[in-house]
Amino acid sequence: MRVTILYFAWLRERIGLAQEQLETDAATVTELVGELRARSDRHALAFSDLAAIRVAIDQDLADLDAPITGAREIAFFPPMTGG
Amino acid sequence: MADIRVQSEPFDYGQECAAFAQAHVDNGAIVTFCGIVRGEDGLQAMEIEHYPGMTERALHRIAAEAAARWSLGGALILHRHGHLTPEEPIMMVATAARHRADAFAAADFMMDYLKSRAPFWKKERRASGESWVAAREVDEQALSRW
């Protein structure tokens with residue numbers, strides 16, 4: 001399945017990309033993170049501490065063990081700091 | 001029902017309050033809140049990044065949740081993104097209700113949720129360099145009040 005991966009805030013800066021397209025067979029966010037870590041040293045560094053990362057599947061917040069089957073857009077970012 | 005606005009342009013808090021109050025004169029109670037960039041610790045500027053699409057969706061959801069919990073005649077959430085300098089308004093919320101308890105509670109609830117459930121990230125610039133604002137544990141804990 002083909003998904004668009006988005007990065008925000010320091011994740012975007014550490015990886016050096018705002019978004020990328022990926023062909024993946026990952027069933028969950030955690031499996032997808034495993035594939036992303038293998039893409040480059042920058043990815044591996046950015047995803048080194050999962051406790052510091054939040055995820056949204058098709059623009060809805062989700063857990064790291066959430067299934068991603070059928071997802072089109074998966075975003076990774078740090079805890080939000082609005083207001 | 002809710003007026004949700006995400007914009008890079010500055011806004012005039014007084015003007016927005018007056019317009020909101022005028023549009024909800026039949027309500028009896030109006031509560032407004034404005035967040036302002038604090039110029040403390042030598043802050044020179046702030047950059048607010050957001051997730052277009054998800055931001056509006058999350059804010060609409062927060063306002064809808066508030067409307068489901070309290071009896072509201074209207075709600076406004078306005079949040080800026082992009083470049084901001086000290087003493088500029090960052091965001092505001094406004095609520096209208098028949099009685100003040102609903103208006104206060106709904107405004108407080110929306111503020112708590114938008115701080116840690118709407119996809120905004122603040123980066124601060126000082127003479128010493130730039131740094132992303134870390135999420136605060138108290139903001140996360142605040143959600144358990146509701």
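Every chain is numbered from 1, with letters handed out A, B, ... down the list of sequences.
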The interface call for B:Arg61 against chain A, heavy-atom contacts under 4.5 Å, is side chain
- salt_bridge(B:Asp108, B:Arg145) N-O dist < 4.0 Å: yes
query: Just by distance, do the side chain of A:Glu31 and the backbone of A:Ala27 share a donor-acceptor pair under 3.5 Å?
result: yes
Among A:Pro79, A:Ala52, A:Ala9, the residue with the most heavy-atom pairs under 4.5 Å to chain B is A:Ala9
Contact check, side chains of A:Phe76 and A:Phe8, non-hydrogen atoms, under 4.5 Å: no
When the 4.5 angstrom heavy-atom criterion is applied to A:Ala56 and chain B, the contacting part is side chain
When the 4.5 angstrom heavy-atom criterion is applied to B:Ala58 and chain A, the contacting part is neither
Kindly say whether the aromatic ring centers of B:Phe109 and B:Trp70 come within a distance under 6.0 Å. yes
If one checks every heavy atom of A:Arg54 against chain B at 4.5 Å, the contacting part turns out to be neither
Turns out that what part of B:His50 lies under 4.5 Å from chain A's heavy atoms comes down to backbone
Okay, B:Ile90 and chain A: the region with an atom under 4.5 Å from a heavy atom over there is side chain
Can you see whether A:Glu13 engages A:Tyr7 through a side-chain donor-acceptor pair at a distance of less than 3.5 angstrom? no
In A:Glu20, A:Gln19, A:Gln21, the residue satisfying side chain to side chain donor-acceptor pair (under 3.5 Å) with A:Thr4 is A:Gln21
Applying a strict 4.5 Å limit to non-hydrogen atoms, the region of B:Lys122 in contact with chain A is both
